[in-house]
Every structure is written in structure tokens, then in C-alpha cells.
Amino acid sequence: MRLFHPKEGISTQTIRRLPQYLRVFYRLHGYGRELVSSTTIAEETHLLPIVVKKDLQAVGAPSKLRAGFKVAGTIKIIEQFLGWNNLNKAFLVGVGHLGAALLGFDGFKNHGLEVVAAFDTNPDKVGKTVHGVPVYHTAQLASVISQENLKIAILTVPAAPAQGITDTLLSAGIKAIWNFAPVHLSVPENVIVQQEDISSGLAELCAKLKSK
């Protein structure tokens, strides 16, 4: 799964645009389209045609000269590049409001991710299931990670305990962390962290609204 780490030579911006292209290609494939131009994709994604063309060429999307990109073939290439054609097992730490909401999101499997376990310290949650996912005590992190051979963690805990939990995850062999905690995590270079800063996104939204 390449959700957390850009392939050499492919920019992070390109990777973030690929799901937008996929949505367009999925829809066109459903209509039976075989070819589509970068101009058409640009109009649907509100991007420049040259940006679309460079992005798709960068991942090796198949095309036909002066006819556009092959729809079915491009879907396959992007899915393979993102790792969405294979399920990667992951687990979540912190079954609060945000964590529970993520556990209830059905779309993860469509994006190559299957959340198979969750962890918390709240006795009202431990030993139960949330949206079909079993919740274990955080003290069981290392044993469950080893048993299930898990490599991807989703962190939805407050800032204070985030680094301590991260240290436990690192010692258990975790290689990728999708971090929703509002804090920068200290990890070795060989560990990938994808930071989701909700407060920054909200600040940008409010600033844009104010400017209107």
C-alpha cells in the first residue's frame, strides 16, 4: 500500500490527485467508455490538462496516440500503483468519536485497507466490537500486532499519549502510521507517517470563508 509514501520520482501532489482521476475513470468505465482525453478529465477534476497528462504518464497509464487514455487499463495501473488492488490489514488505536467513525467507514476496503482490530483503555469499550471490529485493551498491542502480523496503524488518540503509544508500536514492528493525533511523532527514518491535521484544514476553511 503506497498511501503513506511517494514512489521515487512521483510527487506527493500527483499521488493525492490519483484518487480524483480514478473516480472519473470508474464512472466512464461504467458508461462503457474505452478512451478519454486529458482535457475531459481536466474539466471534471478542475485541473489543467497538462497536469492531468503528466500525472497519468508518470504512473504509466496506457494511452492511444491522439485518442486519449485507455479507461480500463488506466484504472488497473492506478489501482496497482496505490496498492488498492490488494487488501492491507491495519488496526486503530483510540476508539473515541473520531476513531469509532473511522471504524464505521465502509470505503476503506475499496482503497486497499482492512481494519481488523482496535485498541482502547476504556473498560466500556474493551472486549466489545465497534462496527464489527473487536476492541482490545491497549496493553495487548504488541501481542495482537505480532499474532496478526500487522504493519499499519491508525492513530486517533489525544496528543499527550500519542508518542508513548507510537514508541510501543515501533517496538512491535509497525512500519506505517496514519496519524490523526494533533502532534508531530518522532519515528525512525524507515517508518512512514502520514499526518492528517484536522485543525489546519479547518483553519484554512475558516480563513477562506472569512476572505469571501
Side-chain angles (χ1 to χ4, degrees), residues 1-7 12 15-16 18-19 22-23 26 78-202:
M1 180 179 184
R2 294 188 181 88
L3 177 62
F4 308 95
H5 185 62
K7 180 180 178 181
T12 300
I15 292 174
R16 287 184 173 272
L18 292 178
L22 260 185
R23 286 192 289 270
Y26 284 149
I78 296 178
E79 287 182 338
Q80 288 177 343
F81 177 80
L82 295 174
W84 288 2
N85 57 326
N86 294 307
L87 276 180
N88 295 271
K89 290 184 178 181
F91 63 94
L92 181 143
V93 184
V95 192
H97 294 300
L98 176 59
L102 290 176
L103 291 177
F105 177 58
D106 293 330
F108 280 140
K109 287 187 178 181
N110 296 329
H111 300 101
L113 195 69
E114 180 182 15
V115 182
V116 298
F119 297 87
D120 205 282
T121 56
N122 188 333
D124 293 333
K125 298 175 182 178
V126 173
K128 299 179 181 179
T129 62
V130 176
H131 297 293
V133 178
V135 180
Y136 302 91
H137 195 281
T138 305
Q140 297 175 270
L141 269 170
S143 61
V144 175
I145 289 171
S146 175
Q147 178 181 335
E148 298 289 339
N149 192 29
L150 303 174
K151 300 299 181 185
I152 302 173
I154 304 171
L155 204 58
T156 53
V157 297
Q163 185 61 54
I165 292 173
T166 296
D167 293 340
T168 300
L169 298 179
L170 296 176
S171 64
I174 290 303
K175 299 301 182 184
I177 301 174
W178 193 6
N179 181 34
F180 288 84
V183 63
H184 174 77
L185 301 177
S186 177
V187 301
E189 290 185 0
N190 65 330
V191 176
I192 302 161
V193 175
Q194 175 64 42
Q195 180 72 41
E196 298 296 341
D197 193 337
I198 295 176
S199 60
S200 293
L202 180 59

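Numbering starts at 1 and runs along the sequence shown.
- Checking side-chain atoms of Asp120 against main-chain N and O of Lys125 turns up no donor-acceptor pair under 3.5 Å.
- Using a 4.5 Å heavy-atom cutoff, the side chains of Asn122 and Val135 are not in contact.
- Of the listed residues (Val183, Leu92, Thr166), just one forms a side-chain contact (heavy atoms from CB on, under 4.5 Å) with Leu155, and that residue is Thr166.
- Enclosure of atom CG in Asn190 by more than 12 non-hydrogen atoms of other residues, nucleotides or ligands within 6.0 angstrom is indicated.
- A distance of 4.5 Å separates CZ in Phe119 from CG in Leu141, rounded to the nearest 0.5 Å.
- In this structure, Leu150 and Lys89 have side chains that are in contact, with non-hydrogen atoms separated by less than 4.5 Å.
- Summarising the geometry of Leu113 relative to Ala90, their closest heavy-atom pair is CD1-CB, 3.6 Å, with the distance given to 0.1 Å.
- Taken from NZ in Lys151 to CD1 in Ile177, the straight-line distance is 12.5 Å, to the nearest 0.5 Å.
- At a threshold of 4.5 Å between non-hydrogen side-chain atoms, the residues Val95 and Val133 do not count as touching.
- Using a distance-only test at 3.5 Å, with no hydrogens or angles considered, no donor-acceptor pair links the side chain of Ser146 to the main chain of Ser143.
- The shortest non-hydrogen separation linking Val157 to Ala181 is O-CB, 3.3 Å.
- For Ser186 against Leu170, the heavy-atom pair with the smallest separation is O-CD1, 4.2 Å.
- Partners of Gln140 by side chain to side chain donor-acceptor pair (under 3.5 Å), not counting sequence neighbours: none found.
- In this structure, His131 places its NE2 atom where more than 12 heavy-atom neighbours from other residues, nucleotides or ligands lie under 6.0 Å away.
- Between Val115 and Leu102, every side-chain heavy-atom pair lies at or beyond the 4.5 Å cut-off.
- When all heavy atoms of Ala117 and Val144 are compared, the pair lying nearest together is CB-CG1, 4.4 Å.
- How far CG of Asn88 is from NZ of Lys109: 13.0 Å, rounded to the nearest 0.5 Å.
- Using a 4.5 Å cut-off on side-chain heavy atoms (C-beta onward), Val191 and Ile174 make no contact.
- Phe81 and Ile15 get closest at one heavy-atom pair: CE2-CG1, 3.9 Å.
- Ring pair His111/Phe105 is parallel by interplanar angle, where below 30° counts as parallel and above 60° as perpendicular.
- The minimum heavy-atom distance between Thr156 and Gly99, with the atom names listed, is OG1-CA, 3.6 Å.
- Distance check, rounded to the nearest 0.5 Å: OH of Tyr26 to CG of Asn110 gives 7.5 Å.
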* **Derivation of the side chain to side chain contact (heavy atoms under 4.5 Å, CB included) call for Gln163 and Leu185** => CA-CA 6 Å; Gln163 185 61 54; Leu185 301 177; 4.1 Å; yes

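- Val126 has its side chain out of reach of Thr138: every pair of non-hydrogen atoms, C-beta onward, lies at least 4.5 Å apart.
- Note that CD of Gln195 is 12.0 Å distant from CH2 of Trp178, once rounded to the nearest 0.5 Å.
- The structure places CD1 of Ile152 at 12.0 Å from CD of Gln194, a figure rounded to the nearest 0.5 Å.
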